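So the structure is just underneath, and the comments pick up after that.
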Amino acid sequence: MTRAVEAFFVRHRERLVWLHAAMAVVFIAVIGVPVFLPDPPGDATPLTHWVTFANYALWGLWFPLVFLSVIFTGRSWCGLLCPMGAAAEWANKRGPQRAIPGWLKWEGTPIVSFLIITILGQTVGVRDHPEAALEVFGGTMLAAIALGFLYGRKKRAWCRHACPIGLLLGVFSRIGAVQFTPKMPRPGGDAWTEKGVCPTMIDLPRKEESRHCIQCFRCVNSEAKGAVELRLRRPGTEIERIRHHHPNAAEVWFLFLGTGVALGGFLWLVLPQYQDLRQTLGAWAIEREWFWIGDPGPWLLMSVHPERREVFVWLDFILIVSVMAAVMAVMAAVMAAATATAAWLAGPGFRSRFVELGYQYAPVAMVSLVVGLGGMLFQPLGAFAGTAKGALFAIGILWSLWLGWRILAAQGVAPTRRVLASLPGLAGTLAVALAWWPAIFGL
C-alpha cells in the first residue's frame, strides 16, 4: 500500500501547486468573506449562513481534525494542503533569500509564536468575531509570507522555525503511524541543512525524527538508493523509543506550556470565579483612581464590538492574559513536577530521563486541545457529546501511561522500579484530565 501511495504523489507532485492554490481560495473564503457579510440570525446553522459555516469550519472541523489527522497521516496537512506554508515558499522564490538568523532558528521561537497567537485569539474573540479570525489567521499568513520572503534559500523557514501550528503537528506527529525513512541512513543523528531537496531543511540521510517532515514527497524516489521511502509503523513507536529519535527539551516544555495556556483560554470563559475576580480587581483599581483600566483598548488587542454587545476594556485584557499565564504556569509546574519525580525514581541520568519521559504526555495533551479548543466538533452529538469527550480523554490517559511505561523500559529501568516511576505519570495525566473536566461534562 505504501508503494502505491508513493507512486501516486510522485506522479502528481508537480500538480500539487494547484491544490495549494485551491486551498488558498478556500482559506480566503473562510477567513475573509465573513467580514463583509451581515451577522447571522440567532437560529442560523452552518448550512444556512456562510458566517456560521466559516466559524464551524475553523473550530468544529479544521482545528480538531487536523490534529487528529497526524496519528494517521503525519504532517500531511503541512506539505499537501496548508496555504500558509505554500505561500511562504512561493514568496521565498522571489525574495532576497537571506541567511536564516539565529533568533529564528532558536528552538523557542515557535513556542513564543504559539503562546502569542493563542492569547491574542482569546483577547480579540477569535471564535466569536469574523474580524478577529481575519486578524489572527490573516496576520499569521502575512507573517509566513514575510519570513518566507526574507529568509532561507528555496526553503520553508516559516514552517520549520516559526509556525505555531507546525510546532503542534510536529510534536504530535511523533505518535503517528507514518514515517519517511532514508533507505541508506547515515549515523550521527538528525541534523539541519539547507542543501538537498527538503523544504524544511532536514539532512535526509541522517533523518531520525518525524517532527520537521511535512510529507511533501519531494525526497521520495523509488529508483534512487539514497532517497527516502514511506513506511507505516505502530502509532506511538517513535515516542516509545524517543531516546533514539532526537528527544528535544523544547518540545517537552511546549507540551507543558501549550496544555496550560489552552486550559487557561478555556477556564476564564466558563468559571464563575473569573467574574468575581474581575469585579474585585475593578473595584480595587477604581479606589485608586485608575480609571483608564475601564477604557476600551485598540481593536488589534482586544474585542471591541459594541454592535454585538461585547466591548473589552483594559481590565479585561490584563485579566485574561494574567489568568491564562497563571494557569499555564501552574499546569506546567504540575506536569514538570510529575515528570521530574518519575525521572528521579527511575534512577541516575535525571536530565535525559526527564526529557524523554516528558513525551508521554503527547496523547493527553492532544486530546485536551481537541476537546477544549475544538469542542464545536462535538456539538452535533447532542447529549452524547460528554460521553465522546470522556472517551477521548480515557484513550489519551491510557495511551500516555502506556508510553511512559515503554519509555521507562527503553531506559532499562527494572520492572519493579518501573511500576514506582510510573505513578507520577499517572498523577500528571489525571491532573490534566481533571483540569479539563468542565470542558468534558460542563460545570
Side-chain angles (χ1 to χ4, degrees), residues 31 55 58-59 62-64 67 84 103 106-144 147 158 162-169 171 250-251 253-271 273-275 277-278 281 293 296-305 310-335 365-366 368-376 432 435-436 438-439:
I31 72 164
N55 192 51
L58 279 174
W59 304 107
W62 172 78
F63 190 89
F67 289 132
M84 294 184 187
W103 65 264
W106 178 49
E107 291 279 4
T109 298
I111 300 177
V112 174
S113 174
F114 176 80
L115 296 180
I116 291 174
I117 289 296
T118 303
I119 293 174
L120 179 65
Q122 291 296 307
T123 60
V124 299
V126 70
R127 285 181 287 182
D128 299 317
H129 306 294
E131 298 84 357
L134 178 60
E135 176 189 350
V136 171
F137 290 101
T140 304
M141 169 71 94
L142 292 177
L147 287 178
W158 165 262
C163 179
I165 301 300
L167 175 63
L168 280 170
L169 300 183
V171 175
E251 286 186 301
W253 282 107
F254 169 72
L255 285 174
F256 298 166
L257 296 171
T259 302
V261 78
L263 176 63
F266 174 76
L267 289 180
W268 81 264
L269 285 167
V270 301
L271 291 181
Q273 290 85 351
Y274 172 82
Q275 294 300 330
L277 178 61
R278 183 179 184 275
L281 290 179
I293 208 167
W299 62 269
L300 286 172
L301 291 180
M302 62 193 77
S303 178
V304 183
H305 299 282
E310 181 175 277
V311 176
F312 284 178
V313 297
W314 282 108
L315 173 62
D316 297 304
F317 178 81
I318 294 171
L319 197 54
I320 292 171
V321 173
S322 300
V323 168
M324 292 182 69
V327 174
M328 176 182 69
V330 171
M331 181 55 65
V334 169
M335 297 173 74
M366 174 189 284
S368 68
L369 288 169
V370 170
V371 171
L373 301 183
M376 198 179 293
V432 173
W436 281 98

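One is the number of the first residue; the rest follow in order along the sequence. Predicted model, so just to flag it, every value in this text is computed and none were measured.
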key: Met376 and Leu58: CA distance, side-chain angles, deciding distance, side chain to side chain contact (heavy atoms under 4.5 Å, CB included) verdict   = CA-CA 10 Å; Met376 198 179 293; Leu58 279 174; over 6 Å; no
Show the nearest heavy-atom pair for residues [X] and [Y], with the distance to one decimal.
| X | Y | result |
| --- | --- | --- |
| Phe137 | Met84 | O-CE, 3.6 Å |
| His129 | Ser303 | NE2-OG, 3.2 Å |
| Ala162 | Leu147 | CB-CD1, 3.9 Å |
| Pro298 | Trp314 | CD-CZ2, 3.6 Å |
| Leu281 | Leu315 | CB-CD1, 4.2 Å |
| Ala262 | Leu369 | CB-CD2, 3.4 Å |

request  = Could you tell me whether the side chain of Thr123 and the main chain of Leu120 form a donor-acceptor pair under 3.5 Å?
outcome  = yes
request  = Kindly say whether Val136 contributes a backbone atom to a donor-acceptor pair with the side chain of Thr140 at under 3.5 angstrom?
outcome  = yes
Supply the atom-to-atom distance [X] [atom1] to [Y] [atom2], rounded to the nearest 0.5 angstrom.
| X | Y | atom1 | atom2 | value |
| --- | --- | --- | --- | --- |
| Met335 | Leu257 | CE | CG | 9.5 Å |
| Ile31 | Asn55 | CD1 | CG | 13.0 Å |
| Ile318 | Met302 | CD1 | CE | 8.0 Å |

message = Taking side chain to side chain contact (heavy atoms under 4.5 Å, CB included) as the criterion, tell me which of Val112, Thr118, Ile111 meets it with Leu115.
response = Ile111
inquiry  = Among Val313, Leu319, Val321, exactly one meets side chain to side chain contact (heavy atoms under 4.5 Å, CB included) together with Phe317. Which residue is that?
reply    = Val321
Partners meeting salt bridge (Lys or Arg N to Asp or Glu O under 4.0 Å) with Glu135 (sequence neighbours left out) = none
Using side-chain heavy atoms (C-beta onward) and a distance below 4.5 Å, is [X] in contact with [Y]?
| X | Y | result |
| --- | --- | --- |
| Leu167 | Phe254 | yes |
| Ile119 | Met328 | no |
| Trp299 | His305 | no |
| Val304 | Phe312 | no |
| Leu267 | Val323 | no |
| Trp268 | Val327 | no |
| Thr259 | Trp436 | yes |

query = Between Trp59 and Phe63, what is the ring plane arrangement, given parallel below 30°, perpendicular above 60°, and tilted in between?
reply = tilted
task = Please test Tyr274 against Leu269 for side chain to side chain contact (heavy atoms under 4.5 Å, CB included), starting from the C-alpha separation and ending with a verdict.
result = CA-CA 8 Å; Tyr274 172 82; Leu269 285 167; over 6 Å; no
